[in-house]
Structures are given as structure tokens and as C-alpha cells.
2 protein chains.
Amino acid sequence: MDSTCMPKRANGQKTKARLLSTTEKLFASHGFAGVTMRGVATMAQTNIASVNYHFGTKEAMVLEMLKSKIGPINKKRKERLAEAKHNSCNNPLPTSEIFRALILPVGEEVQKHFSNQSNIVNIISRSFTEPASFLEKIHKHFFGELSQIFIDELKLTYPDANEDDIYWNFHFAIASMLGAFAQHRRIKDLTQGRCNENAISEMIKRLIKFVSSGFEAGMNIKL
Amino acid sequence: MDSTCMPKRANGQKTKARLLSTTEKLFASHGFAGVTMRGVATMAQTNIASVNYHFGTKEAMVLEMLKSKIGPINKKRKERLAEAKHNSCNNPLPTSEIFRALILPVGEEVQKHFSNQSNIVNIISRSFTEPASFLEKIHKHFFGELSQIFIDELKLTYPDANEDDIYWNFHFAIASMLGAFAQHRRIKDLTQGRCNENAISEMIKRLIKFVSSGFEAGMNIKL
DNA sequence: TCTTTTTTCAAACGGTCGTTTAAATATTTC
DNA sequence: GAAATATTTAAACGACCGTTTGAAAAAAGA
């Protein structure tokens, strides 16, 4: 251990950062299987063995990348929900406000790196379809707690609602959000080339409306 | 060529059918990369070279499986839409009726093979996230024409609507449908073990309500 | 029956995968 | 400066990948 907490080598930390950044791009565009040690090493302009030196295994490397990407977004989601709660003097929130807190932080991240090939929602969405068992754990770790927070908030807004109604429609809401962002090809088709940051901003507003309305309509449904 | 159009060997056709069935299971649970020639051959109780004999390449085999699974569902979707159209004397359909025609045929397929490991929506959903270029073609081939049919029908129901409104909310509807079915883990969490055919039937009703309401609310949205 | 065609099979091809090794190089510590 | 530590490197490991080969086995046609 050193007292400076700095890398031992001039570009030591930089190498690790480059590896994570490369992992991110490859995972976003080709999934877990598309992240190859040789590919990452080459794109990050380093040697294949240094990947193992910094992370141990491929799985650990992808895991660390996911943590670094999803963690901050979930933090913002909680903050935004708490802020809305505070602004409403702790009264129950409108449905749209709850889903705004859930969706906006992702949307902002998408907007930031939209032209980029490493779309955050591609990453999240891929995590949901990856079969690997270690990703299942990630889901539970990252989305389990967060889901509970938002479901609890929805229960406050709908105190008399059937619990099944809330669970199912929350499930649909998540699915809409992930699917809406993830399916790049269709977004580009829909915007017909004028797929820029404004288009994403528009999509986010539309999405919040879609999800909130669908959720509200699903409360007290007659089956 | 033979006049009987029957297999030359007692279990010849059966072998090909077993291979397709195995491909289906592996693709549903592990994606394109998870379909390995050796895995398929072993599970189908045949030799690896016979895979190549029947299909030529792995890609061709997966493609044939996808065609056999998605084709009939799309056929049912069109039939159901045409039937609803006929029952309404060619008047514009309610939003929910249009989405029922889109969702029910998938739902029925899910219900049929739910306990099965080869969930049809897993297959469709995976097709949407697979990066392989040949799958992109499948999407356009299978979903391009179908999408247009349903969008045209929605335009009849909303003759004064902004076209962007229709496209975006249709995009959300598709995303909801695929995501809702595909994310198995959350469905099982939500139903807490009582995840049987009844639960799926309930989910489909809920999903149609969610999607229709979200879509309706998204028309003439103020951005 | 014998011939022809269809189907299966064991074995091998070259290639890529994640991981490991051990030596070389850079950086920090003393 | 020298010693200790941190990092990078080339090379190789065994395992699995999709595909191909050529011959055996089964079925069909004559």
C-alpha cells in the first residue's frame, strides 16, 4: 500500500479505465459473449494478460463495468424520488412523478452518450437478457432494492389498490422503459434519420406519459 | 428425388425435427451464441455432422427454427385483425381490439409452452437483442410488414392523429409486450410461485389494458 | 438381388476462446 | 544508488467453436 493512493505506474490507472471503457462498448453492442479478452485488450491498446492482472477474470471485469454504470443511475433515481417527495411535503406523489424519477435518470444518460456506441440502456437491457447466472445476481442486487423503493412509493399513491395490480403494472412499466430504449433499430426507423438528442428528449416525455397512463389504467382492473 | 416425399430413413425427418426442437430450446435460454453444434447434436441424440447435412450451417439452422416459430404467430395476428375488422363491418376498431390481435397470439403460444424451457417470447425477444446481422434481416422480414399492417389499422382508428404520435406509442407498445413476456425472472417473482397458465392468462389481459391505455393517452400529447 | 441415393458417424481441420506462466520493464520505497 | 513492488509483455496452455472429410450404414429403386 502507498500513501498517495495513486497508480504505481504513470498510466496504470489509465489502463484499467481504458479496459473498462472498452468492455462497456463491447458489452453494449455485442453482449457478454461479444466481450472477448483479446478484443478488449487490443482496443484498449494493452496486452491480454494485463486484463487478467487488473480484474482476475472476464466475469469480474464485466461485473465491475456494470457496477460503475448502473450504480450512479440508481443513485440519481433515489435522489429524484426523495426530492419529489420533499417538494410535495411528503404527500403521495402523482403516478407520473414517480415514473419520472425512474425514467429520467436513464434518459439523461442515454442523451449524453447517444451518438456513442455504448448506450447505457443497451447495457442494462442486455443484462436482462443475458442468461449467465452472475448477471442474475446483478439484477437482484441492482434492481431488487430499487424496485422495492418505487413499489412502496406507488403503494402510498394507491393505498387502496390490489397489490397484484401494482406488481403487474410496475412490471409492464419496467418492460416498456427497457424495451423502448433498447431497440435502437426501431428508434432510428421511427425518427427517420433525425434521431438526435432532441428526439430522445421527446421520446422520454412520451414514454413517461405512456407508462404513467398504462399504470393508472391498470389499477382496479376488472379481469 | 422420390415420389413419396417421405424420409429415406425411418427416423430421418425425426432427426431434423429433433434438431430444430433442440435449437429452439438452446436459443431461447442461451441466445445465438449458446446454440452450439455439439450441444444441439448431443441433445438431439445425433452426430454433429448430421447438423451440417440437414441445414448446411448453424446460421441456416437457427434461421429455419425462427421461421417455423414466428411465421404461424404472425399469421394468427393478421387473421385475428381481419376477423375483428369483419365483425365491426369494416368500421375503425377500438384500440384495445387492435392490440388484442397483436398480443393474444403470442400470449397463447406462451401459455401453451409455459412450463417448457423454450418460451416463444424469449425467442422473439432474443432475436431483437442479438447483434448478428442475419437476425436484423429476420426482424425486417418478419416484423416490418406486420408492423405496417397494424400501424395502418391504428391510423384508421385515429384518422386525425399526428403520425409521430402513432409511431412512438406503437414502439412503446411493442416494447411493453416483448419485455413483459421476456423477463421471466420478474414474472416468477411477481406471481410468487403460483406462476401457472392462469397467471399468464391474467397477465395477457392486464397487458392489453396497459398497452391500449398507454397508447390512447399518448395520442395528441402536449410535448 | 444389385445399384443408387440418403442419412449417420468418427475423426480431424484450423481458429478463437479464457486463462496462466515466467520473464521483462516501469515505478516506488528505502 | 539498490531493493521491493507494481505493471506490462510474449508465449503457451487446454478447451471449445463451426465446419469438413471420407467411409460406413440404412433405405429406396431397379
Side-chain angles (χ1 to χ4, degrees), chain A residues 1-23 25-27 29-66 130-135, chain B residues 1-23 25-27 29-66 130-135:
Chain A
M1 294 300 152
D2 61 338
S3 55
T4 59
C5 288
M6 285 299 289
K8 304 300 179 297
R9 192 186 177 126
N11 61 344
Q13 196 80 311
K14 283 180 184 173
T15 295
K16 191 170 180 179
R18 281 202 313 277
L19 286 170
L20 280 177
S21 163
T22 303
T23 301
K25 286 173 192 158
L26 287 176
F27 185 83
S29 52
H30 299 102
F32 184 79
V35 179
T36 68
M37 307 296 263
R38 285 168 183 79
V40 171
T42 301
M43 281 182 64
Q45 300 184 77
T46 182
N47 188 276
I48 183 175
S50 86
V51 176
N52 203 268
Y53 170 76
H54 283 288
F55 300 101
T57 64
K58 167 183 171 180
E59 188 170 303
M61 181 173 65
V62 175
L63 231 140
E64 191 161 326
M65 180 275 292
L66 287 177
E130 286 292 346
S133 61
F134 91 99
L135 280 178
Chain B
M1 292 303 149
D2 61 338
S3 55
T4 59
C5 290
M6 284 299 290
K8 303 301 178 297
R9 191 185 179 129
N11 61 344
Q13 195 80 311
K14 283 180 184 171
T15 295
K16 192 170 179 179
R18 282 203 313 276
L19 285 170
L20 279 177
S21 162
T22 303
T23 300
K25 286 173 192 154
L26 287 176
F27 185 83
S29 53
H30 300 102
F32 184 79
V35 179
T36 69
M37 307 296 264
R38 284 167 182 80
V40 171
T42 302
M43 281 182 64
Q45 299 184 77
T46 182
N47 189 274
I48 183 174
S50 86
V51 177
N52 204 268
Y53 170 76
H54 283 289
F55 300 101
T57 65
K58 167 183 171 178
E59 188 170 302
M61 180 173 65
V62 174
L63 230 140
E64 192 162 324
M65 180 274 292
L66 287 177
E130 285 292 346
S133 60
F134 92 99
L135 280 178

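The chains referred to below are lettered A, B, ... by the order of the sequence lines, with proteins before strands, and numbering in each begins at 1.
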side-chain N/O B:H54 vs C:dT8 OP1/OP2, d < 4.0 Å: yes

Spacing of A:F55 atom CZ relative to D:dT8 atom P, expressed in whole Å: 11 Å

Side-chain heavy-atom pair B:M61, B:V35 within 4.5 angstrom cut-off: yes

Value in whole Å for how far the P atom of D:dA27 lies from NZ of B:K14: 12 Å

Distance test, side-chain N/O of A:S50 to OP1/OP2 of D:dT9, below 4.0 Å: no

pair B:T36-B:V40: side-chain heavy atoms closer than 4.5 Å: no

Within 45° cone and under 6.0 Å: B:K16 NZ/CZ vs B:F55 ring: yes

Distance test, side-chain N/O of A:T15 to OP1/OP2 of D:dT8, below 4.0 Å: yes

Any side-chain heavy-atom pair of B:K25 and B:S29 under 4.5 Å: no

Distance, rounded to the nearest Å, where B:Y53 contributes OH and D:dA26 contributes P: 15 Å

Atom pair distance, as rounded to whole Å: CE in B:M61 and P in D:dG18: 8 Å

Under 4.0 Å protein heavy-atom contacts per nucleotide of nucleotides 16-22 of chain C, with B for base, S for backbone only and - for none: -BBBBB-

Would you mind writing out the side-chain donor-acceptor pairs for residues 41-49 of chain B within the sub-3.5 Å range, not counting sequence neighbours?
unit_1	atom_1	unit_2	atom_2	d
B:T42	OG1	B:R38	O	2.8
B:T46	OG1	B:S50	OG	3.0
B:N47	OD1	B:A49	N	2.8

Nearest-0.5 Å distance that lies between atom OG1 in A:T57 and atom CG in A:L63: 8.5 Å

